[in-house]
Amino acid sequence: MQLKVGQLPPVEQPPPVGRSRAVEPPASGEQTGPVDQTMALRILRPKRSSGRADRRRAARPPSPLTRAGALRTSLAARVAPYARRLRPRYPRPGHTGWRRWLPSGRQWLGGASVAITLSGMFLTVAYATTDIPHDLNTYATQQDNVYFWSDGTPMARTGWVQRQAMPLKDIPEDVRWAVLAAENESFYSDPGVSPKGLTRALWRTVGKGDTQGGSTITQQYVKNVYLNQSRTVGRKFDEAMIALKLDNRMSKDTILEGYLNTSWFGRGTYGIQRAAQAYYGKDVSELDASQAAVLASLLKGAGLYDPTLSAANHKRAEERWSWILDRMVKFGKLSASERAGYRTFPEPLKQNPLYDTGQQSDYLVELASQYAKKAGQISARDFDLGGYQIYTTFDHAREAALDDVVAEERKKALRSDPKAASTAHYGAASVATDGRILAVYGGPDHRKQGYNESNATTVPAGSAFLPFVYAAGLEHGVVKQRDAPREQVTPQSVYNGDDGVPVSTPEGPYWDRGGKKVAAHNDDRKSWGRLTLREALAESVNTPFMQLGMDTGLDKVKQTAQAAGLLPSSMGPQIPALSLGSSTPSAIRMASGYATFAAAGQHTEPYSVSRVTRNGSTARLTVPDKRRAVDAKVAEEVTRALTDSFRSAHPDAAPAGAAVSGKAGSTADSTAAWYVGTARDVSTAVVVYRMDLAKSLEPLPLKGLAESDTDSVPYDIWAGAMSPLG
């Protein structure tokens, strides 16, 4: 049987589910066509759901968003009644007057709770996001370099700041606890910050517009090395956060060591070591508890507590000094009997003994710093960061004597001939036979004349060079004829001492490039006749030594001079004039060369630094070793001839038995005068010359310099520096 759609009985439609949309019946009057029965059945038949799918949907857990939404809804429903009660209702019912407008106790409690919670969250986030800076302040790392005399007393210091870091183990416990008693007695137990102190500092900031107090030692250390010195709430907050984190990462001893080495103590000093030297002239390791208490009081403000600045300062310093010692007793760090021994205030020095360099000390510092960097293999960058203690070889007494005698000669020259004296230059150096440079004179003032006269290779050695020619002849022998074997030369070997004697070689006369025979000349063109080499050296006769140099070989002369201590860069050309001192050695090198003869032919390179330390540790330093320069017998013969030279020129200058030797030196054009000699295992060389540095580097004649012969000026300086002779 076929059914028509219109004949179907009406089917009751289920109510719409979800987002199903009802199908609107056709509008009245519209004609509908036949509909496929199968399609009609699909439309009318309700859709069956699978039981398995229903079970899967039932077992699926709700999404996180759904759970969060449900939780918020539930929480809001619970909190809503309380929130409605906390919500201010103004004017408040049941109250009269101004009380109607005040929050209730519950409202106050709720607000405080919220504030505390938010503050805690803020501090937690701030602590977690705060990093300890990797770069320290420049002033926190830079130290000064300190130079010491050979006896260990301070000589000079260099650097922008006066600071020398010291390991905590080298700082006595009394010093540490004096500082802790003054600044932060709970240092070893606190978390790095003081809540009470921070509150006080914040209150002062809000109330008076500045920050003051409230800092633990950890906070002060953070301020010293990581932050600036601005007094703001922001800086204070950063300080506290870094201090908390630093306290968790660094040991208390390390923090205390850093604090003691970076704090300001006044008098231009940073750190407890420099403070001990500036106020008491001693290392921190030598301080007692009483002196430490004075230094600890300076941490509160050196301008208020340096007792030497004013009577008011002295009173404040004495009161705080006593208070600190009493607190040390209270904490058990100082016994009552020890405290009883500290009743007299330990007066500090009137002024800082650590002085800046200037005048002569700059020349000493220059020599020592150059040697320390080279021998200690210290880079210029590391050296400039400071912290080095350079123990020099300079003898304080000898340096003072040399400075005084040169100053006196300068005065004489100014009185005699001011014009000549204005261009006069004096260089001098004393070197021990073991290579130690004991004293130098570098110039009038390093800040006015930068280059060091004692180390300058400016003028020829002249006849002061003759001992090296003599030593070379005795050491190597001579060759007087072509292809002949070398002959031994002795002090008694005889040479022609007449003026103007032509110089010869094994092949014949020596001709210069102009086609002229080269001849030697003596001082004042004096002829001496035939004389022994020992006599020729004692009398400073030039002509025998120019010929001896040719017979020995100028290469052998250079070799001997360099072995004795002269630098290759200062050697003159390898021509006959080499034997008469055309080389330009410095005063230091001439003194070193003569010291080689006094040391039985053993040469030690001159050095100015014996030891270098940094922050308590000894730096590796290469100290030169002695080596054989000439045979011991040769050195002995040279010394004998130099002794004859000294006795001949100055017979009454030293006791008969004194081992003193020396020789004057002059140049052919009289532009330089030398005196070099040895006494008591110390050799000193002095050179005097004139040069107008504003015009040229050409030496000027010495005429008019001082009131005596040119030779006597260097000798007078030498004798004054070496006094007493014997």
Begin from the C-alpha positions of Y363 and E399 and carry the test side chain to side chain donor-acceptor pair (under 3.5 Å) through to its verdict. CA-CA 11 Å; Y363 298 110; E399 183 65 33; over 6 Å; no

Answer yes or no: is there a donor N or O on one side and an acceptor on the other, between the side chain of T393 and the main chain of I437, under 3.5 Å? yes

Tell me whether K169 is salt-bridged to D253, with the criterion being a basic N under 4.0 Å from an acidic carboxylate O. no

In this structure, OH of Y607 is separated from CG of L367 (nearest 0.5 Å) by 14.5 Å

Working for side-chain contact (heavy atoms from CB on, under 4.5 Å), residues I390 and S369: CA-CA 8 Å; I390 299 97; S369 62; over 6 Å; no

For D151 and T153, does a side-chain donor sit closer than 3.5 Å to a side-chain acceptor? yes

Within the side chain of R176, is there an N or O that forms a donor-acceptor pair under 3.5 Å with the backbone of A178? no

Over 12 non-hydrogen atoms of neighbours within 6.0 angstrom of NZ in K626: no

Closest approach of I378 to A372 (non-hydrogen atoms, all atoms of both residues): CD1-O, 3.9 Å

Decide yes or no for F187 and I255: does some side-chain heavy atom of the first lie under 4.5 Å from some side-chain heavy atom of the second? yes

Reported OH-to-NE2 distance for the pair Y441 and H425, which is rounded to 0.5 angstrom: 11.0 Å

Please report the shortest heavy-atom distance between Q164 and Q143, naming the atom on each side. CA-OE1, 3.2 Å

Within this structure, what is the CZ-OG distance for the pair R398 and S150, rounded to the nearest 0.5 Å? 10.0 Å

Measure from the side-chain N and O atoms of Q360 to the backbone N and O of G442, and report whether any donor-acceptor pair falls under 3.5 Å. yes

Residues E605, R589; criterion salt bridge (Lys or Arg N to Asp or Glu O under 4.0 Å); working and verdict: CA-CA 9 Å; E605 279 290 287; R589 288 292 170 170; 3.0 Å; yes

Would you check if the side chain of W674 reaches a backbone N or O of P460 as a donor-acceptor pair within less than 3.5 Å? yes

Any side-chain heavy-atom pair of T457 and S569 under 4.5 Å: no

Mark yes or no for whether T604, through its side chain, and G435, through its backbone, hold a donor-acceptor pair below 3.5 Å. no

Checking side-chain contact (heavy atoms from CB on, under 4.5 Å) for the pair Y391/L621: CA distance, chi angles, key distance, verdict? CA-CA 11 Å; Y391 294 87; L621 186 71; over 6 Å; no

What is the minimum heavy-atom distance between A165 and N261, and which atoms define it? CA-OD1, 3.5 Å

Rounded to the nearest 0.5 Å, the CG atom of D283 sits from the CD1 atom of I272 at a distance of 12.0 Å

Whether K252 and E257 form a salt bridge (side-chain N of Lys/Arg under 4.0 Å from carboxylate O of Asp/Glu) is what I want to check. no

Tell me whether K300 at atom NZ has more than 12 heavy atoms from other residues, nucleotides or ligands lying less than 6.0 Å away. no

Are T671 and V459 close enough that some pair of their side-chain heavy atoms sits under 4.5 Å apart? no

Could you check whether any side-chain heavy atom of S610 comes within less than 4.5 Å of a side-chain heavy atom of V623, counting everything from C-beta outward? no

Hey, can you tell me if Y715 and Y675 have their rings parallel, tilted or perpendicular (30° and 60° cut-offs)? perpendicular

Within the structure provided, determine whether D174 and L287 are in side-chain contact (heavy-atom separation under 4.5 Å). no

Tell me if a side-chain donor or acceptor on R627 pairs with a main-chain N or O of A563 at a distance below 3.5 Å. yes

CZ (R410) and CD1 (I717) are apart, to the nearest 0.5 Å, by 8.5 Å

Do S586 and S570 have side-chain heavy atoms sitting under 4.5 Å apart? no

With rounding to the nearest 0.5 angstrom, report the CG to OH distance, L295 to Y280. 6.0 Å

Using atom types as modelled and distance alone, determine if a side-chain donor or acceptor of N145 lies under 3.5 Å from a backbone N or O of G387. yes

Check whether T639 reaches the backbone of A635 with its side chain - one donor and one acceptor, N or O, closer than 3.5 Å. yes

Would you say K374 and T622 make side-chain contact, with heavy atoms under 4.5 Å? no

Test your reading of the model: is there a side-chain donor-acceptor pair from R690 to the backbone of S422, 3.5 Å cut-off? no

Determine whether a donor-acceptor pair (N or O, by modelled atom type, separation under 3.5 Å) exists between the side chain of E475 and the backbone of D631. yes

Where do M691 and L697 come nearest, in terms of heavy atoms and distance? CE-O, 3.1 Å

Applying the side chain to side chain contact (heavy atoms under 4.5 Å, CB included) criterion to Y259, which one of T218, L299, N184 satisfies it? L299

Is the gap between the ring centers of F383 and Y388 under 6.0 Å? yes

Evaluate the side-chain contact (heavy atoms from CB on, under 4.5 Å) criterion for residues W718 and T684: first the C-alpha distance (whole Å), next the side-chain angles of each, then the deciding distance (0.1 Å), finally the verdict. CA-CA 7 Å; W718 178 87; T684 296; 3.6 Å; yes

Please name the pair of heavy atoms, one in A471 and one in V634, separated by the smallest distance, quoted to 0.1 Å. O-CG1, 3.7 Å

From S454, S430, P714, residue fulfilling side chain to side chain contact (heavy atoms under 4.5 Å, CB included) relative to V686: P714

Which of parallel (below 30°), tilted (30 to 60°) and perpendicular (above 60°) describes Y594 and F468? perpendicular

Looking only at heavy atoms, which two atoms of S583 and M571 are closest? And how far apart? OG-CA, 3.4 Å

In this structure, are over 12 heavy atoms from other groups packed under 6.0 Å from E173 atom CD? no

Cation-pi check, R267 onto Y279 ring (under 6.0 Å, within 45° of axis): yes

Begin with the C-alpha distance, continue with both residues' side-chain angles, and end with the deciding distance and a verdict on salt bridge (Lys or Arg N to Asp or Glu O under 4.0 Å) for D144 and R274. CA-CA 10 Å; D144 56 358; R274 279 290 170 271; 2.9 Å; yes

Go through the steps for Q219 and Y221 under the test side chain to side chain donor-acceptor pair (under 3.5 Å), then give the verdict. CA-CA 5 Å; Q219 289 175 261; Y221 174 62; over 6 Å; no

Show your reasoning for whether side-chain contact (heavy atoms from CB on, under 4.5 Å) applies to F597 and T678. CA-CA 9 Å; F597 301 132; T678 305; over 6 Å; no

